[in-house]
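The structure under discussion appears below in the form of structure tokens.
Every value quoted in this text rests on a predicted model; they were computed, and no experiment measured them.
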Amino acid sequence: MLDSPLIKPAEGYLRDRWVPAASGARMEVRNPATGEVVAEVPRMGAKETEDAIGHAVAALAARPSLGTRRGWLQKIHDQLLAQAPEIARVLTAEHGKPLAEARAEVEYAAGFFGFCAREIDRLAPRELEEHPKGCRWSVHHRPVGVVGLITPWNFPIAMIAKKLSAALAAGAPSVIKPASQTPLTMVALFHVLDEHLELPQGMVNLVIGDAGPIGEVLC
């Protein structure tokens, strides 16, 4: 088994709590190079996904400010860089790509959070130059709703970084489903979020399990 503080516990994450599958079912994560079992994670399904969506819907009421969201994004950027060696080790253990490439992927992922932190003022309210009907009009950006983020196995942290950085920048709560072959890197990311950020309850939720029952609910 892989010994890392970033995958203890290796569970799902709903409404700011680490939780197992409601059924108690578990599934193995194996090192593709050796076949060795590196961890066990929950096999979640439709119930946990529906619960996660409910928690995320409730988080829409939080309406965090641009400054708050910028702080989240910058902190994730900084923590990914600070913990890149350990996250890369987890990524290599479950995915099999060379450690140097895994480290580069973590640094690449950090860049998306840094970019959104720098550019978030594009979401500030703005007044239209035109004055239809003789009135002053202003544009205010609000999240449409909860986002479902499904990621593939080939870039376990880069793919979620592209999606989650934009969701957090917009203030949109998310339900995240990693590939069942590579869930540990996502668990490591959620440890970073849990330990270093003060997000509204339900802003980020992690469901781990087979694609079918989770994907049917999200899609």
May I ask you to decide if [Y]'s main-chain N or O and [X]'s side chain share a donor-acceptor pair within less than 3.5 Å?
{"X": "W137", "Y": "P132", "result": "yes"}
{"X": "T68", "Y": "P64", "result": "no"}
{"X": "H191", "Y": "P9", "result": "yes"}
{"X": "H131", "Y": "E129", "result": "yes"}
{"X": "D78", "Y": "K75", "result": "no"}

Using 0.5 Å steps for rounding, measure from the [atom1] atom of [X] to the [atom2] atom of [Y].
{"X": "I87", "Y": "L6", "atom1": "CD1", "atom2": "CG", "answer": "6.0 Å"}
{"X": "M159", "Y": "I150", "atom1": "CE", "atom2": "CD1", "answer": "14.5 Å"}
{"X": "I157", "Y": "F112", "atom1": "CD1", "atom2": "CZ", "answer": "11.5 Å"}
{"X": "L168", "Y": "S174", "atom1": "CG", "atom2": "OG", "answer": "6.0 Å"}
{"X": "I76", "Y": "L197", "atom1": "CD1", "atom2": "CG", "answer": "5.0 Å"}
{"X": "R69", "Y": "M203", "atom1": "CZ", "atom2": "CE", "answer": "8.5 Å"}

Shortest non-hydrogen contact between [X] and [Y], atoms and distance:
{"X": "L206", "Y": "P178", "result": "CD1-CD, 3.6 Å"}
{"X": "V90", "Y": "S4", "result": "CG2-OG, 3.7 Å"}
{"X": "V19", "Y": "M44", "result": "O-CE, 3.4 Å"}
{"X": "G145", "Y": "A172", "result": "O-CB, 3.8 Å"}
{"X": "A59", "Y": "Q201", "result": "CB-O, 3.3 Å"}
{"X": "P42", "Y": "G12", "result": "CG-N, 3.6 Å"}

Acceptor/donor pairs from residues 91-99 side chains to any protein atom, 3.5 angstrom cut, sequence neighbours excluded:
residue: T92; atom: OG1; partner: A88; partner atom: O; Å: 3.2
residue: T92; atom: OG1; partner: K97; partner atom: O; Å: 3.1
residue: E94; atom: OE1; partner: L184; partner atom: N; Å: 2.8
residue: E94; atom: OE2; partner: L184; partner atom: N; Å: 3.3
residue: E94; atom: OE2; partner: T185; partner atom: N; Å: 2.8
residue: E94; atom: OE2; partner: T185; partner atom: OG1; Å: 2.6
residue: H95; atom: ND1; partner: K97; partner atom: N; Å: 3.2
residue: H95; atom: NE2; partner: N154; partner atom: O; Å: 3.2
residue: K97; atom: NZ; partner: E105; partner atom: OE1; Å: 2.7
residue: K97; atom: NZ; partner: N154; partner atom: O; Å: 3.3

Joint cluster assignment, V147 & L199, ILVMFWY side-chain distance < 4.5 Å: yes
I'd like to know if L2 and M27 are part of one continuous hydrophobic network [Ile/Leu/Val/Met/Phe/Trp/Tyr, side-chain heavy atoms within less than 4.5 Å].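 Yes, M27 and L2 fall within the same hydrophobic cluster.
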Does K177 form a side-chain contact (heavy atoms from CB on, under 4.5 Å) with L149? I'd like the steps, not just the answer. CA-CA 6 Å; K177 191 262 181 226; L149 307 180; over 6 Å; no
Min side-chain heavy-atom separation Q83-V192 under 4.5 Å: yes
Hey, does V38 have a side-chain heavy atom less than 4.5 Å from the side chain of M1? no
Got a sec: does the CD of E127 have more than 12 other heavy atoms crowding it under 6.0 Å? yes
Taking CZ in R15 as the centre, count heavy atoms belonging to other residues, nucleotides or ligands within less than 6.0 Å. Is the count above 12? no
Only counting residues at least two apart or in another chain, list the ones meeting salt bridge (Lys or Arg N to Asp or Glu O under 4.0 Å) with E119.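 Checked E119 against salt bridge (Lys or Arg N to Asp or Glu O under 4.0 Å); matches are R122.
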Do R30 and E40 meet the salt-bridge criterion of a basic N to acidic O distance under 4.0 Å?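 Not counted as a salt bridge, because no side-chain N and carboxylate O are separated by less than 4.0 Å.
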For residues 41-57, the side-chain hydrogen bond (donor to acceptor under 3.5 Å, both in side chains) pairs (sequence neighbours left out) are R43-D210, K47-D51
Given L14, which partner from the list V175, V204, V207 fulfils the side-chain contact (heavy atoms from CB on, under 4.5 Å) test?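 The option that passes is V207.
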Is a side-chain donor-acceptor pair under 3.5 Å present for D194 with Y13?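 The criterion, which ignores hydrogens and geometry beyond distance, is satisfied for D194 and Y13.
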Aromatic ring pairing W18/F190, orientation class (parallel under 30°, perpendicular over 60°, tilted between): perpendicular
